[in-house]
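Reviewing the structure listed below.
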Amino acid sequence: MQITVNREPRKITGANLSTTLTELGFTSPAIATALNGVFVAAADRDTTTLRQNDKLEILSPMQGG
Amino acid sequence: MNFYGTEISSPLLMGTAQYPSPAVLVDAIKGSRTEIITVSLRRETASGQGDGFWNIVKSLGCHILPNTAGCHSAQEAITTAQMARDIFGTNWIKLEVIGHADSLQPDVFGLIEAAGVLAADGFQVFPYTTDDLIVGEKLVAAGCEILMPWGAPIGSGQGLRCPDALRAMRGHFPDIPLIIDAGIGRPSHAMQAMELGYDAVLLNTAIAKAGDPAAMARAMAAALEAGKIGYLADPIEPRDMAVPSTPLLGKADLA
């Protein structure tokens, strides 16, 4: 199915958020996720399923003021 | 001083952005002896670019204060705070809800709304706010135990634009830790904040964009220390007229 990852269209086969992150190469433990604007905790990624046209945001630590 | 149950001795909170290199950032933070540094969340790449920065931050041993910089609505800020807690493992959040893209003025209505939701969810909120007393009261009522009024617009380096309003805020909230967040440009500005009785200063650009960030970080720390000692030493009040400091008694008649 096709989803949007950090604004980029991506094709995935993953059944849930955890496997999708691995499939897309986001393997760092220091990431946080939101699906369609709603926060998904790391502990809930295994049970979070994705649907066509979902919007996934993957964030990581960055410099900030 | 005590921030949400954590004892903090340094009155300098430092941002981590805009440094010319990671090595300069590390030097500046170590030289300033700051105990709290701010960080943000931005989009990750599959190459794991956030990892390198995160490893540097962890090595510094400072308390992490994640921010919600760039959020323009309460909901955006709430979601960002939740994501920050998931990564950084802290309930601290520097809550920014921005009203204008050009002035970066806080949207205090969205700020109060987000602060209430986050405090109820166990967050310990450091709100970036204005010097408005009523807004401060509502933030405290929402669960904030710290207030962070701006001194001037973010990154402007103008110093304390409204010292009278900041003095009034200090008087109105005698028991709430007050931190000047944004607008500091020079050590004298930081010192002035402490002379007004503020507990700390949060700054980024003034150090990161200085010609010698490590030296400026030390200068800021020294100025904050001097300002704090001066405030505690109970300074004199200004007068309109001159008052001779040398005694008149015993002056020779040489006219």
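In what follows, chains are A, B, ... by sequence order, proteins preceding strands, each numbered from 1. The structure displayed is predicted, hence computed values, not measured ones.
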More than 12 foreign heavy atoms under 6.0 Å from CZ of B:Arg43: is that the case here? yes
Are any side-chain N or O atoms of A:Ser60 and backbone N or O atoms of A:Ile31, one a donor and one an acceptor, separated by less than 3.5 Å? no
Backbone of B:Lys94 reached by a side-chain donor or acceptor of B:Tyr128 within 3.5 Å: no
Shorter than 4.5 Å, heavy atoms on both sides: which option in B:Asn204, B:Asp86, B:Leu25, B:Asn67 has the most such pairs with chain A? B:Asp86
Checked A:Gly65, A:Ala41, A:Ala34 vs chain B; the most non-hydrogen pairs under 4.5 Å come from A:Gly65
Measuring centre to centre across the rings, with the benzene-like ring taken for any Trp, is B:Trp92 within less than 6.0 Å of B:Phe126? yes
When the 4.5 angstrom heavy-atom criterion is applied to B:Tyr19 and chain A, the contacting part is neither
Need one label for A:Thr27: side chain, backbone, both or neither, based on atoms under 4.5 Å from any heavy atom in chain B. neither
Taking 4.0 angstrom as the limit, do A:Glu8 and A:Arg10 come out as a salt bridge? no
A:Ile58 versus chain B, heavy atoms under 4.5 Å apart: side chain, backbone, both or neither? both
Does any backbone or side-chain atom of B:Gln75 lie under 4.5 Å from a heavy atom of chain A? Answer side chain, backbone, both or neither. neither
How far apart are the C-alpha atoms of A:Glu23 and A:Thr13, what are their side-chain angles, what is the distance that settles it, and do they pass the side chain to side chain donor-acceptor pair (under 3.5 Å) test? CA-CA 8 Å; A:Glu23 180 183 343; A:Thr13 57; 3.2 Å; yes
Checking A:Val5 against chain B: side chain, backbone, both or neither under 4.5 Å from a heavy atom? neither
